[in-house]
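Some notes on the structure that comes next.
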Amino acid sequence: MILVQKNKNWGHSSKKLLFCRTKQYYNMSDLNIQAPGKGHPKGLWVLFGTEMWERFNFYGMRALLTLFLVNSLMMKEANVSIIYGAFLGLCYLTPMLGGFISDKYLGNRNCILLGGSMMAIGQLFLFASASIFSTSLPTATTLMWIALGILIFGNGFFKPNISSMVGSLYPKQEKSKLDTAFTIFYLGINLGALMGQFICPIIGDVKDANGVRDIHAFKWGFLAASIAMTLGTLVFLVLKNKYVRTPEGRPIGGLPSKREAADYEEGEAQHAHFTSKAIAIACMALAALFCVFHFVVGLNYIYSFIYSSGLTLAGLILSDKSLTKVETQRIIVIYIVSFFVIFFWAAFEQAGSSLTFIADNQTDRHFLGWLIPPSMVQIFNGIFVVTLAVPFSMFWDYLRKRNREPISPVKQAFGLALIALGYFIISYNVKDLGNSGLLAVKWLILLYMVHTCGELCLSPIGLSLVSKLAPKRFASLLYGVFFLSNASGYALAGTLGSIMPPTGDKFEKAQKLGIDLQSVLDKKIVPTAQQLNILKENLISAEYPAFVGFTIHNLYEFFTVFVVLCGVASAILFMLTPMLKKMMHGVR
């Protein structure tokens with residue numbers, strides 16, 4: 001039994017909360033416990049700092065990786081693109097494995113320490129590769145492969161577990177704070193990404209006054225990423241026992257075998273129960289789905305495995321015999337929301353492909369007297385996230401205190417609608433550009449601001465929703481499923497980015513080669529075999545791209561695809577919210 005005593009100065013800075021258990025008195029501040037209802041727990045800031053340094057590590061490395069492979073390890077750009085895509089895809093596949101091992105064996109804390117240590121070591125392998133490539137290229141290449149493998153599995157252990165721990169900081173009666181908490185946590189993600197994308201290229205991608213790149217400088221960027229990950233891991237190691245605890249003082253994220261009944265909701269099972277039959281069926285389903293995606297749909301091996309793994313894992317979780325009807329319906333809500341998240345990231349991640357190509361080839365990038373490099377235009381997304389995350393957090397708090405806060409799926413429907421709005425703005429402004437007109441960079445900046453608002457309505461809210469709905473024994477595993485929707489979105493983003501029609505630079509290059517590209521595309525002239533070869537050698541398509549039977553003639557039609565795709569997805573998700581609200585059984 002716990003007895004609560006309050007002194008006469010309650011409500012002032014000198015207040016102390018004393019409670020007794022078995023006749024022993026403790027001071028609240030000595031245990032570093034946050035009183036329920038008094039803002040956010042200190043553990044949130046520990047996880048914030050840990051994730052911030054991890055994102056510095058990941059995005060800093062990512063900014064240099066492809067340049068390092070091409071310039072130092074002498075790989076072809078086409079091969080590097082395949083390696084890069086496979087690396088990102090596997091980074092979002094391994095959280096399923098990390099989530100499973102955490103929920104079943106090691107617990108969140110140990111997996112975060114393991115994953116952080118592995119990523120720091122992986123960056124050191126890249127540092128070593130970048131240090132010796134000039135004397136032993138084969139050895140450097142081998143070290144690079146080892147490094148990427150370690151980073152992939154390190155990310156898998158780290159990513160789902162730290163997100164799961166954020167949700168565990170809050171008792172059941174304070175779950176309404178989770179949207180705000182994850183928005184703050186999301187600020188840490190993007191603050192770290194901004195620092196990594198700024199610092200690592202400055203010291204790792206160096207050019208002299210003549211524009212010649214120092215190919216030996218990449219190692220310093222990788223070393224900075226390793227140091228950042230080491231800092232993040234040490235922050236967690238030193239502070240986890242002191243701050244990452246429940247309001248009652250129990251440690252969060254320990255070994256599954258040592259969890260107490262108080263860690264679970266009333267009536268919730270403490271262990272998963274998969275039958276041998278269910279596991280056998282899952283294995284057969286995995287093989288069958290892989291064959292369908294690879295041989296029928298035509299996807300490569302990695303993406304076939306990603307899609308088939310996601311569907312198989314989703315089905316396996318639902319086969320658990322310990323699931324109650326309420327838990328099953330809540331998990332289905334996670335699956336439905338994850339499906340719509342795919343369309344969000346498919347549109348949002350054009351920032352790294354089609355939007356960057358347009359910034360490079362058909363945009364006037366002069367802004368406030370500065371010529372923005374095309375690869376830097378997308379940094380405005382990170383700037384807006386850091387700027388707007390706290391106001392969004394305060395806005396959700398404001399609505400919640402007045403009982404007007406929308407449920408999470410409604411917020412996510414708004415996020416998809418904002419993505420559609422951003423593309424509507426850009427499509428309207430490219431409508432009359434033609435083949436030689438330039439888009440003012442202010443419209444791309446406005447697009448990134450609108451898309452950032454959509455991101456803050458969807459991405460941190462999705463992380464929060466998984467925490468609210470997932471049964472404790474499946475929390476990290478369901479985060480793995482949720483992250484797979486990101487991977488699927490990235491894959492779809494690549495497919496959609498490939499339907500971008502030729503930009504102005506292509507018409508100009510063809511003209512210099514003596515070919516009227518517009519007439520070729522419009523079938524007004526039939527190009528000779530020699531002309532087709534010339535176009536092919538210069539990476540210029542002689543046909544308009546097509547999407548689901550529709551020919552994409554210009555940028556206006558290209559961006560309209562995203563307006564329709566995200567607009568329809570937003571409308572459908574919004575219409576589903578009454579049903580989803582019932583299936584959430586009281587969770588907002």
- request: Would you confirm whether T452, through its side chain, and F384, through its main-chain N or O, come within 3.5 Å as a donor-acceptor pair?
  value: no
With a 3.5 Å cut-off and sequence neighbours excluded, list the donor-acceptor pairs that the side chains of residues 338-348 form with protein atoms.
| residue | atom | partner | partner atom | Å |
| --- | --- | --- | --- | --- |
| S338 | OG | I334 | O | 2.7 |
| W345 | NE1 | N486 | OD1 | 3.4 |

- request: In sequence, state the C-alpha distance, the side-chain angles, and the governing distance for M449 and L446, and then conclude on side-chain contact (heavy atoms from CB on, under 4.5 Å).
  value: CA-CA 5 Å; M449 186 181 74; L446 177 60; 3.6 Å; yes
query: Are the side chain of S102 and the backbone N or O of G98 linked by a donor-acceptor pair below 3.5 Å?
result: no
- prompt: Do T528 side-chain atoms and Q531 backbone N/O form a donor-acceptor pair below 3.5 Å?
  reply: yes
Pairwise side-chain contact, I426 with L439, heavy-atom cut-off 4.5 Å (strictly under): yes
- request: Answer yes or no for R55 and F58: cation-pi contact, defined as NZ/CZ to six-membered ring centre under 6.0 Å and angle to ring axis within 45°.
  value: yes
task: Decide yes or no for R365 and L444: does some side-chain heavy atom of the first lie under 4.5 Å from some side-chain heavy atom of the second?
output: no
- request: Specify whether W45 and F48 have parallel, tilted or perpendicular ring planes, treating 30° as the upper limit for parallel and 60° as the lower limit for perpendicular.
  value: tilted
message: Assess the residue pair K240 and V235 against the criterion (side-chain contact (heavy atoms from CB on, under 4.5 Å)); give the C-alpha distance rounded to whole Å, side-chain angles, the decisive distance to 0.1 Å, and a yes or no.
response: CA-CA 8 Å; K240 62 181 174 63; V235 165; over 6 Å; no
task: Would you please say whether a donor-acceptor pair under 3.5 Å links the side chains of D214 and H216?
output: no
- line: For S308 and F293, the nearest pair of non-hydrogen atoms, with its separation, is N-CE1, 3.8 Å
task: Please report the C-alpha distance between F68 and F222 in whole Å, then the side-chain angles of each, then the deciding distance to 0.1 Å, and finally whether the ring-ring contact (aromatic ring centres under 6.0 Å, His included) criterion is met.
output: CA-CA 10 Å; F68 168 64; F222 295 136; 5.3 Å; yes
query: Side chains of F56 and L194: does their closest heavy-atom pair fall under 4.5 Å?
result: no
Side-chain heavy atoms of R109 within contact of M165, under 4.5 Å: yes
message: Are the side chains of I445 and Y448 in contact, using a 4.5 Å heavy-atom criterion?
response: no
- request: Taking all heavy atoms of P201 and all of L64, pick out the closest pair and write down the distance.
  value: CA-CD2, 3.9 Å
Side chain to side chain, M75 and V70, heavy atoms closer than 4.5 Å: no
task: Hey, could you give me the SG/CG distance between C200 and L65, rounded to the nearest 0.5 Å?
output: 12.0 Å
- request: Check the pair L532, V520 against side-chain contact (heavy atoms from CB on, under 4.5 Å), reporting the backbone distance first and the verdict last.
  value: CA-CA 10 Å; L532 288 175; V520 172; 5.5 Å; no
field: Pairwise side-chain contact, P502 with F507, heavy-atom cut-off 4.5 Å (strictly under)
entry: yes
task: Please check if the side chain of S459 supplies one atom and the backbone of L456 the other of a donor-acceptor pair under 3.5 Å.
output: no
query: Short question: side chain of T363, backbone of I358 - any donor-acceptor pair under 3.5 Å?
result: yes
- prompt: In terms of side-chain heavy atoms, does R62 have a donor or acceptor partner in N57 at a distance below 3.5 Å?
  reply: no
message: Applying the ring pair (Phe, Tyr, Trp, His ring centres under 6.0 Å) criterion to H553, which one of Y544, F558, F547 satisfies it?
response: Y544
message: With rounding to the nearest 0.5 angstrom, report the CD1 to CG distance, I215 to L73.
response: 9.5 Å
task: Starting from the C-alpha separation in whole Å, work towards a yes-or-no answer on side-chain contact (heavy atoms from CB on, under 4.5 Å) for L517 and K506.
output: CA-CA 8 Å; L517 181 60; K506 303 296 189 298; 4.3 Å; yes
task: Identify the two heavy atoms, one from G116 and one from M229, that lie closest to each other, and give their separation to 0.1 Å.
output: O-CG, 3.3 Å
statement: All heavy atoms of I162 vs all of E51, minimum pair found to be CG2-OE1, 3.5 Å
- line: Output for pair (I112 CD1, L237 CG), nearest 0.5 Å, gives 11.5 Å
task: Answer whether the closest heavy-atom distance between the side chains of H451 and Q350 falls below 4.5 Å.
output: no
Parallel, tilted or perpendicular, as decided by the 30° and 60° cut-offs, for the rings of Y423 and F562: parallel
